[in-house]
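Take a look at the structure set out below.
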Amino acid sequence: MPELPEVENTRRYLVEIGLPGKTIALATIGWANTVKHPSLEDFVLDLPGGTIQKVARRGKYLLAPLDTGQTWVLHLGMTGGLRIHPRTQPPPAMVRHTVDFTDGTQLRFIDPRKFGHLWLVDDPAQATGKMGPEPLSEDFNDAALALVLSNRTAPIKALLLEQHIIAGLGNLYADDALYRAGIHPERPASGLSPEEISRLRNSIVQALEHSLSQYDQSRRDHWPDPPFGLSPWLIPRSPDAPCVRCGSGTMEQVKVRARTTFYCPVCQPPTP
DNA sequence: AGTACGTCCTGATCGC
DNA sequence: TGCGATCAGGACGTAC
């Protein structure tokens with residue numbers, strides 16, 4: 001379940017371990033469906049020779065522009081993870097794809113469920129599609145959030161998961177943000193007051209930044225092989241667990257758009 | 001246009 | 001103890 005903090009953690013890992021500047025020698029794809037563009041044949045033909053200029057992130061996508069002018073785009077899906085090791089080091093379990101560099105190191109794409117995707121494109125938008133504002137950027141303000149939520153009757157939780165509304169949130173951080181904000185996940189989005197929208201925006205930022213700071217510490221503690229485990233979030237994710245926010249409620253579990261959703265009925269009442 | 005649901009995947013967990 | 005069924009969900013495609 002890599003969401004924005006996990007993908008950003010991966011980006012920082014890749015930068016710190018020195019991916020920018022490496023030149024690709026060989027791409028080995030173990031599951032053809034992972035490559036979305038161009039064809040598998042063209043992907044493995046065109047990627048080698050490129051030198052990585054930098055590693056950027058847009059939502060949950062990692063963007064690695066090459067000196068060829070094309071951009072190598074990676075999405076970790078639900079179970080994806082990336083590691084760079086010397087090619088001679090035994091690979092971790094569940095490595096689906098590898099990319100060898102000319103300096104003797106190798107990127108390992110670990111992905112048990114094969115939901116990850118790769119692209120090689122001229123324009124990153126070919127891979128990412130239309131994306132909403134980055135929640136940790138200046139573009140993400142109360143007015144912008146209010147605008148995209150207006151006239152939407154869908155549950156607020158469902159909209160938080162749409163990448164063209166806000167980039168980078170997934171199931172866990174959507175729940176965590178709503179929990180921090182004290183907003184019921186099934187409230188119709190258009191029914192939120194300006195105060196609630198402001199609280200929600202702040203809560204999204206806090207949830208993400210809290211997690212990012214934990215990942216920064218974890219990378220320092222475990223360098224050069226930080227663990228894949230998820231950073232602990234505030235919201236208890238088990239039914240009937242005591243609410244750590246109000247201390248009196250017990251967590252409820254429901255499905256919102258087929259996604260497991262937790263909330264505290266006391267902190268997050270169904271009506272304002 | 002907005003909303004809802006099925007599909008892809010397989011390791012982990014559950015129930016009998 | 002073993003084995004089949006179920007669950008997990010990011011993004012996209014399809015249907016209404």
Side-chain angles (χ1 to χ4, degrees), chain A residues 1-11 29-37 40 57-63 73-82 91-97 108-119 121 124-132 134-135 145-178 185-192 204 207-208 211 227-233 235-240 251 253-263:
Chain A
M1 301 140 236
E3 305 180 28
L4 189 154
E6 289 73 34
V7 178
E8 176 63 18
N9 179 42
T10 301
R11 189 193 72 79
I29 301 299
W31 182 248
N33 290 352
T34 299
V35 176
K36 303 297 281 185
H37 184 89
L40 174 60
R57 181 188 58 75
R58 183 76 173 97
K60 301 175 200 170
Y61 294 84
L62 288 166
L63 312 174
V73 182
L74 305 89
H75 194 291
L76 301 176
M78 293 205 324
T79 57
L82 301 173
M94 301 295 167
V95 172
R96 304 296 190 190
H97 323 287
R108 281 92 185 253
F109 194 137
I110 299 139
D111 188 14
R113 284 168 68 181
K114 303 178 178 173
F115 276 19
H117 292 301
L118 298 170
W119 298 256
V121 291
Q126 288 175 255
T128 66
K130 193 168 188 183
M131 300 287 281
E134 282 292 326
L145 185 57
L147 183 64
V148 292
L149 298 183
S150 62
N151 300 320
R152 301 291 300 262
T153 59
I156 180 62
K157 157 97 186 256
L159 296 192
L160 293 182
L161 297 179
E162 294 187 11
Q163 303 302 298
H164 61 94
I165 299 276
I166 306 169
L169 292 188
N171 198 44
L172 303 182
Y173 290 96
D175 273 9
D176 205 30
L178 289 165
E186 292 175 298
R187 295 264 310 276
S190 56
L192 299 185
I204 291 169
L208 297 175
S211 186
F228 282 113
L230 294 173
S231 143
W233 44 85
I235 182 172
R237 292 195 71 81
S238 56
D240 302 325
M251 303 305 293
Q253 178 177 348
V254 294
K255 291 274 188 187
V256 177
R257 291 265 246 270
R259 296 290 178 264
T260 302
T261 302
F262 290 94
Y263 70 97

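Checking Y173(A) against E6(A) by side-chain atom types alone, a donor-acceptor pair falls below 3.5 Å.
Across dA8(C), dC12(C), dT10(B), the shortest atom-to-atom separation from the side chain of Q253(A) is found for dA8(C). Distance from the side chain of R259(A) is smallest to dG10(C) among dC12(C), dG10(C), dC9(B).
Using a 4.5 Å heavy-atom cutoff, the side chains of D240(A) and M251(A) are not in contact. Here the side chains of D111(A) and H117(A) are not in contact, with every heavy-atom distance at 4.5 Å or above. For the pair R58(A)/L63(A), a side-chain contact is recorded, criterion being any heavy-atom separation below 4.5 Å from C-beta on. Side-chain atoms of L118(A) and K36(A), non-hydrogen and from C-beta on, never get closer than 4.5 Å to each other. Side-chain contact between Q126(A) and W119(A): absent, with no pair of heavy atoms (C-beta onward) separated by less than 4.5 Å. With a 4.5 Å cut-off on side-chain heavy atoms, E134(A) and L4(A) count as touching.
Of the inter-residue distances, the one linking L169(A) atom CG with K157(A) atom NZ reads 10.5 Å to the nearest 0.5 angstrom. Residue L74(A) holds its CG atom at 10.5 Å from OG1 of T34(A), rounded to the nearest 0.5 Å.
Regarding L161(A), its CG atom lies at a distance of 16 Å from the C1' atom of dG2(B), rounded to whole Å. Going from atom NE2 of H37(A) over to atom C1' of dA11(C) covers 18 Å, rounded to whole Å. Put simply, CD on E3(A) is 13 Å from C1' on dA8(C), counting in whole angstrom units. One interatomic measurement links the two molecules: NE2 of H117(A) to P of dA11(C), which rounds to 9 Å at whole-angstrom precision. The distance from atom CZ of R58(A) to atom C1' of dA11(C) is 16 Å, rounded to the nearest whole Å. The nearest whole Å value for the distance from the CG atom in L160(A) to the C1' atom in dT3(B) is 16 Å. With rounding to whole Å, K255(A) atom NZ is found 10 Å from dT6(C) atom C1'. If you measure from atom CD of E6(A) to atom P of dA8(C), you get 18 Å, rounded to the nearest angstrom.
Along DNA chain B, the nucleotide nearest A258(A) and the nucleotide nearest R96(A) are compared for position; the residue whose nucleotide lies closer to the 5' end is A258(A). If you find the closest nucleotide of DNA chain B to R113(A) and to E162(A), the one lying nearer the 5' end belongs to E162(A). Summary of the strand contacts: M78(A) and T128(A) both lie near DNA chain C, and taking for each the nucleotide with the nearest heavy atom, the more 5' one is attributed to M78(A).
Taking side-chain N and O atoms only, H75(A) has no distance below 4.0 Å to OP1 or OP2 of dG10(C). Regarding contacts with the backbone of dC8(B), every side-chain N or O of N33(A) stays at 4.0 angstrom or more from both OP1 and OP2. OP1 or OP2 of dA11(C) lies within a sub-4.0 Å distance of a side-chain N or O belonging to K60(A). Residue K130(A) places no side-chain N or O under 4.0 Å from the OP1 or OP2 atom of dC12(C).
Heavy-atom distances under 4.0 Å link DNA chain C to Q163(A), G170(A), N171(A) of residues 163-176 of chain A, given in residue order. Only at 4.0 angstrom or more do the heavy atoms of residues 145-159 of chain A sit from any atom of DNA chain C, so none qualifies.
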**Message:** With side chain to side chain donor-acceptor pair (under 3.5 Å) as the criterion, how do S190(A) and N151(A) come out once you've worked through the C-alpha distance, each side chain's angles and the decisive distance to 0.1 Å?
**Reply:** CA-CA 5 Å; S190(A) 56; N151(A) 300 320; over 6 Å; no

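Among the heavy atoms of the strands, none lies under 4.0 Å from K36(A).
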